[in-house]
Amino acid sequence: MRDHTLNPFIKYLGRRFFFLLLTYFIALTIVFILPRAIPGNPLASILSRIFQTGQANPELLRSVERTLMEEFGLGKPWFVQYVEFITKALRGDLGTSISSYPKKTLELIIPVIPWTLILLIPSILIAWIIGNTLGAFAGYRRGSLVDRIALNTSLIIGQIPYYWLGMLLIFFLSVKLKIFPGQGGYTQGTIPNLSFSFLLDVLSHYILPSLSIIISALGGWAIGTRMLVVNELDSDYVSFSEHLGVKSKTIFGYVFRNSLLPQVTGLALSLGGALGGALITEIIFNYPGTGYLLFRALSTLDYPLIQGIFVILIASIYLANFFVDFIYAIIDPRIRLGQGES
Amino acid sequence: MGETILELRDTKAYYIIEKNFVRAVDGVSLEIKDEIIGIVGESGSGKSTLSNVMLMSIKRPLTFMGGSVKLYTNGNELELTNINREELQKKIWGRETSIIPQSAMNALMPTKRIRSYILDVMKSHFEEIDEKEIIEKAINRFEEIGISGEFINRYPFELSGGMKQRAVIAVATLLNPRLLIADEPTSALDVATQKMVLKTIKELKDKKIVKSIVFITHDIATVRQIADKMVVMYAGKIIEEGTTDEMVSEPLHPYTKGLLFSVVTPEPEVKRRGITYIPGTPPDLINPPPGCRFHPRCPERMEICDKEEPLLKNINQRRVACFLYEKR
Amino acid sequence: MALLEVRNLNKIYEIGIFRKKYIHAVKNVSFSIKEGEIVSLVGESGSGKTTTAKIILGLLKPTSGEILFEGKNLQEYFTNIDTIRELRRKVHAVFQDPFASYNPFYPIDRVLHQAIRLIGFDPASPEAKELMEEALRNVGLDPKSILGKYPHQLSGGEKQRIMVARCWLLMPKLIVADEPVSMIDASTRGGVIKLFEKLRKVQNTSILFITHDMGLAYYISDKILIMYLGELVEEGTPDEILSNPKHDYTKRLIESIPTLYKKWEDLEKIKV
Amino acid sequence: MYGPKPLKNLGGEGMKGLKSKFLVILISSFVLLSLLLPVNSTAQVAIPRDETVYCIGGIWGPPTTWNPYAANVTWGTDPFLFMPLFYYSNAKDVWLPAIGEGYKVINKTTIQVKIRPQAKWSDGKPITAHDVAYTFELTKKIGTGPGAGWDAYVASVRAVDAKTVEFKVKTPNPNYFSFLGYALGTRVVPKHVYEELEKKGTGAVREFANDDPAKQVVSGPYKLFFADPNTVIYGRIDDWWGKDIFGLPKPKYITHIVYKDNPSANLAFEKGDADWASTFIPAVYELWEKKGLPVRTWFKSKPYYMPDGVVFLYISYFKKELADPTLRKAIAYAVPYVDMLEKAYFGYSPQAHPSYVIDVFEIYKQWIDYGYSKYLWGTKDGKVPTDLKKANNILDKAGYKKGPDGIRRTPDGKRLGPYTIEVPYGWTDWMMMCEMIAENLRKIGIDIKTEFPDFTVWAERMTTGRFDFIISWDAGPGYDHPWNTYRFVTDIRLTLPFGQSSWSGNWTRYDNPEAIKLLDEIPATLDVARRKALISKLQRIVQRDLPGIPLFYGAHWYAYSEVKWVGWPREENAWWYPAANWSANSLPVLFGIAKKGETPKVPAWLTTVDKGGVLIPTSLIWNDLMKATTK
Amino acid sequence: MFGTIFKPLFRNKKFIVAFSVFILIVLMGILGPILYPKDPTSFAGKMESPPSKEFPLGTDTYGGDLLAKLLNGIRTSLYIGFLTAVISMVIGLLIGSISAVKGGVVDDILMSFTNIVLTIPNILLAILVATYLKVRSAEVVAILLGVLGWPWFARAIRAQLLSLINREYVYLSRLAGYTDLQLAFEDLIPGIATYALMAFILFINGGILGEAGLSLIGLGPTKGVSLGIILQWAVLMEAVRRGLWWWFIPPGLIIVALTSSLLIVTTTMDEIFNPRLRER
């Protein structure tokens, strides 16, 4: 029986939000526990940096080491540290970077996030739209030559890892054919500004990494939608509509629409993976986004920065998840009106 | 008994699966007039395939193998086998013929309001439509059928089973088709709702919304309640045809008899009569038995039965395909 | 003494940890079955009849209430390996779906072997073979054309017959038959029903016949129980119930069932 | 009722609605996102390539701060923004007066430095002795910053007057090496800026980012022009106070793009997009030999690069049996020096001299006791030969018998191994060397495997002394070489007991009172002959005990491209060294190069005082100190 | 019985092609290093030389023989993929089946846990955890990937088991006095076996791709050669932008061939098994 006390739409969203919040809290806790569970000297990298660059004498090293130990001071009881960590995290303080000491990690992360978003979101959406459309047409003409070709190529393309596709694109389109620039977010040495020529420059740098994400994500969506469409074509409303003389185009629209609904949730679920892939793509393309920053953090073992990136990325994935849930709830009346959820 | 609406002549439709022919409809001739006709058969008898043949809705792996399907519309005679699917969809289906599908529960587009679905149906048939008028008509039709016109604004999942079934009936008959095919429309409903829906279907005919109804079912008792005429199918063929009353009171074909006596209903007659069954299993339609397809299970089998195929012969007002009656 | 006695049976399903939902599937159900009696439990899907059956078979635990089989409490007595085996021999079941009753990975012999083992024979022994063949012949099947086959090679009717053959081997005191014929063809249905009758006649087996089909219940039973939304609403002999239904639901049920020999229109005319 | 009244129809009607909705979402998200991009709407779009020196190898992460008191300043701060009193060049062993004009030895413990009268901060305020004294005091208070640790060697820093600052060496046992290094080489910060910060607490001093080009107060000829996470650009101050003395440095801009890693930076260098390289470039010689690019390193042929400190094979004293000098000697014979430098290091360094003295710099060769080394190792140059037979002989003679597994046992019967030799994962050249060393050690009957853990693990093991064999650095060459190297490898006072992490040196925990005595004596000795004798003594000890086996010299990564800029210092025209762009003392390089097409001219002041320049040889200072009175 | 089940697979052309590709690569991994016994870690050749007779796949910056690396890399990658699959499988089976069999609160808790692990993006978590694992052997990488990969499988197994447990034939076995163990071995495990086999293959894919991803950002195994590590060095050394195609194309091709052949194997298995097992 349905509960009449609360709007089911709000109830659904509330429940999703609660779940994501809980999960996020767990993620934060993992971030807290990991460095403490696995011992190591997080100051090693900064000390070695001073060691290697400067004419480091023993006195200087010793005093720097002492100061840093205080700064990153451990030694308090773990629950105090935990409470401090969580309250700080909630206030947006994700600690101080080691490799870029004394910058706050957040200061480093915020400027790179737009680059990742602008790479990731349009690419994912384009892949989603094209993949689903392709899959839908293949499914609609199931069994035809076009379908079989589309299916098999999608299967294989779907298996090409983002990063390797990126390498191929750079090699063929940038190194060999010299059509697009093969690295960076804009021509190196220019200062970012709002001029038209700069935006054009950004766009030309954007195409290859975006393409590598689009192409490799495409296959998966196409296969999924094809399967859904094939299933959907077998459903009763399709044959009923046919026998009522509803136009094929309209029926295809129904099938497409109903197949897309699960793919919307699929979009939310795939975000994590897509983000992971995009991070690596950024590294391959030297694209100045979060992945690139993460790579630097990893190569300098800047733990606070790695954790900060992790916390921010998970939060944004969850936000996006919630956003997709919201959209899904709006476009699927069954959820909106509180039925058919499982 | 009135004008002929649809005429099947020696129609054959096989499923082609991995190079095997499944002879689901194998030489069926039938005339459908201004009446309710019940087609009875067990699963695998080809009755549902026959409904597709009536509409010429042939989709792989089903293949039309021959015969003629004629639809009579106000003086016109249309040979459906000569019309391609697109044309059928545009000109015949929904307008001249319509169906209530087997599982009507999921027959309505689930993520659309019924109102908007109705408009889609109409837009498919007419270049220009007056939405207001159509909605008004649809509301009327809903109320005629005995459900609130307000349901038109709902999503299908907001209706209960019986309501949904009747909404399907209302949508299927929006354009007052001449022929309505109802394929096991009540099998998924509970008994009380079943009765309601059956009445609704009968009313379609009584209120002259449709001219004739083909009611397909495995349940003789249901046919008994609704149909004027009854057709029994076995292994892709019609083996007997007659008025319902006669068929129930005096079945001719041994299969009809067997089927009838295996029916149990809560009636004292049933207890008196007892229950029988037909031994063996329905034949494999890929390799049907030679001669009469029923002969391996027939209690009154004769020598000729496995050699020759009995034809559907007229006997008084009835037709039966059995050598028992040929000799008479 | 009744063979089976069900007293105040209740079953409540709980769902979820955070947002608990309760479904009261069986409410205060009490009835009894005598030796050699065929009792039908009639109700539509969701009325709780299958849940009741599962509880009697020991496949589900009741929330409250007790079940006495041969005077012994099911929950208390049949708890160790030996008594459970005893119960399994004495109470057996035939289910609705003949296709789902067989594990597709094994030949159908398996269900018979299981029964043979339960009565203490080695399935490979000649006696066991003899018994199996006899049982199959008893249900009208030719052992040679049946044994060694896989489930998908047989028809639904044949499969249900094998299920009855299994019961034949076990000679149980009580068979719980949960819609045993609803999924097989009309023309073969009568054969399976007759097998149950034969079983009762030859072995004096009691049968709890669970069905949604009032006609079937009317035909086969000594006693009919009507179940509606988890509750037992009416109980009586088939003729009592048919001619004089008391509960509204029963009335509606009987009125709505399509009849073969009378037309509704005629019935309504008589009423008017 | 079957449910609540439907909400307003949000569902969209069929495909058309859906499609257009997605399009709108797509476009609007694009627009929205592009607004988020961190763009600078006022700055100049691109800086002129011809006026700019592009650098690589100096910075690998987003720039951080330009505050010398932060523990981690951005590349460029030291070489270009803040000047010391004197720059030191270890190729010629000379001091270049920068803010300081000259020095005056008052007595053996006191030295005074005169500050140039023209010296001004970029905000116009004069640079004074008070700035110098304040810099030192603030460092002591904060714990980090310019001259951190000075108070161990310098007794006091005092402003005598506005332009004269006085340093006193800490006594007894004065350490003249460290004293001079701190006194002359420390960068000076503006007191008037830092005083303001200090009022807000030491935290404010440390956290000061100094990243606003408009507010930067510097002493050098450049200051920050633009910075974002991917780029740092310094711009020349055209009215710099020193232009009448030194002229102006030639490039108008110095730019460093933040590359992902070495290869991508090198690729830019190869393409001519970068001019001044401080990266490891594999097979650098191929760039000009094979590819014909206008690119060079310091030397045209091997070793291509100048040395930058000694790299050792350290064997810890943590496992007792490894302390045996005989065993260590055999190991030293087993290392495939030449082969591994050739294969893993592209020949970028000669084999290191066992005396620990870097023998590539002429100036340091005077400290090597060649006689002893030649006698000890039996080679012409006194370097350790790779001789497995000899290594085996030594072990056989010393009673290290091979077991049935082919592994030797100590005379006490302890099995040699299993041991590990480790360097951080990803340091490919060193990893390769480890493999080669391990292979040879196995040939002399030592059971050893390579292990390549994460950097932090390796560092943890190194600094706690709990390792078997590692390859690692020493302190790097200063003008106090080789004393600082001896100290780094042998001074037990620099380190903590096994298991406690200490970064200051002596990873192996070598403990020898004799060595400590010499270590204290050498920097207190002003007499060169006596200092040589003391160093020679120490050389005998380290070659006997082998606390570290010198393998090679780490290269001073310096390469230049003449695509846009010419006249870079190099072996044939060695007008200034150190020349790497990250070196704190590399500023003079920018005064001597020229735009392509112009003729480069080495500034006249870049010659020693006796030749009319301003460069002061270290020996001069030592002499002055020697001659000075004790009072 | 299994013979009759698997036979139709080998009548399917797609399956045969994909399966042969897979077996070929496996053989390359197993026999390759034996038939081409060059040390993948040695620095034998000239640096960055293109394919030649002496080095069929050329050399890298340190003169490493790329064919030797590739063959050993296939071996490591397969090993990691296989180990990942075993670990994910065991965890997924345990959690899924405990959840399905125990039901109630245990089910609720396990499934909430599963959903949480499912929701935390496992690539990010893998990166984070790998960062702290200082010495990463192939096994450690596999464990990491395996420990993060199981949730969807646990959910699927739970669903499958729930439907199996409520099949009539399981009831009938119980009515025949079967113990839980007998029930599990005779009725439940065969029921999920083909599904589990397909999941196993997908897990192998996940392991191979996951290793390559982690390696690319420097978080792969710290010892040995894997396909991912070859790619990592190709990226680190700018092989792509410097046009050293023989360095990064072969390992990528192998990854794609391996994972897509495995995927095709599972999809054809799915096509063939599903109708047979689901519809009588």
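These numbers come from a predicted model, not from an experiment. Just so we're on the same page: letters track the sequence lines, and every chain starts at 1.
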So [Y] and [X], do their side chains get closer than 4.5 Å, heavy atoms only?
| X | Y | answer |
| --- | --- | --- |
| P151(C) | Y169(E) | no |
| Y171(E) | D178(C) | no |
| L172(E) | R166(C) | yes |

Original post:
Counting heavy-atom pairs under 4.5 Å to chain E, which of G58(C), P107(C), A100(C) comes out on top?
Top reply: A100(C)

**OP:** Could you have a look at V94(C), L59(C), L57(C) and say which one has the most heavy-atom pairs with chain E under 4.5 angstrom?
**Re:** L59(C)

Quick check on [X]: does its [atom1] atom have over 12 non-hydrogen neighbours (other residues, nucleotides or ligands) under 6.0 Å away?
| X | atom1 | value |
| --- | --- | --- |
| N80(C) | CG | yes |
| Y13(C) | OH | yes |
| M183(C) | CE | yes |
| K198(C) | NZ | yes |
| K102(E) | NZ | no |
| K11(C) | NZ | yes |

Subject >> E168(E): which of Y102(C), F99(C), F95(C) passes side chain to side chain contact (heavy atoms under 4.5 Å, CB included) >> reply: F95(C)

Original post:
Would a distance-only check, ignoring hydrogens and angles, find a side-chain to backbone donor-acceptor pair under 3.5 Å from R88(C) to R174(E)?
Top reply: yes

**OP:** Check whether S173(E) gets within reach of chain C through its side chain, its backbone, both or neither, counting any heavy atom under 4.5 Å.
**Re:** both

Subject >> Partner set under side-chain hydrogen bond (donor to acceptor under 3.5 Å, both in side chains) for E158(C), not counting sequence neighbours >> reply: S155(C)

Original post:
Can you name the residues that form a side-chain hydrogen bond (donor to acceptor under 3.5 Å, both in side chains) with Y79(E), not counting sequence neighbours?
Top reply: E139(E)

Subject >> F105(C) CZ to T194(E) OG1 distance, which is reported to the nearest 0.5 Å >> reply: 5.5 Å

**OP:** Identify, with sequence neighbours excluded, every residue that meets ring pair (Phe, Tyr, Trp, His ring centres under 6.0 Å) alongside F200(E).
**Re:** F82(E)

Subject >> Residues from residues 108-121 of chain C approaching chain E under 4.5 Å (heavy atoms) >> reply: R110(C), Q114(C), R117(C), L118(C)

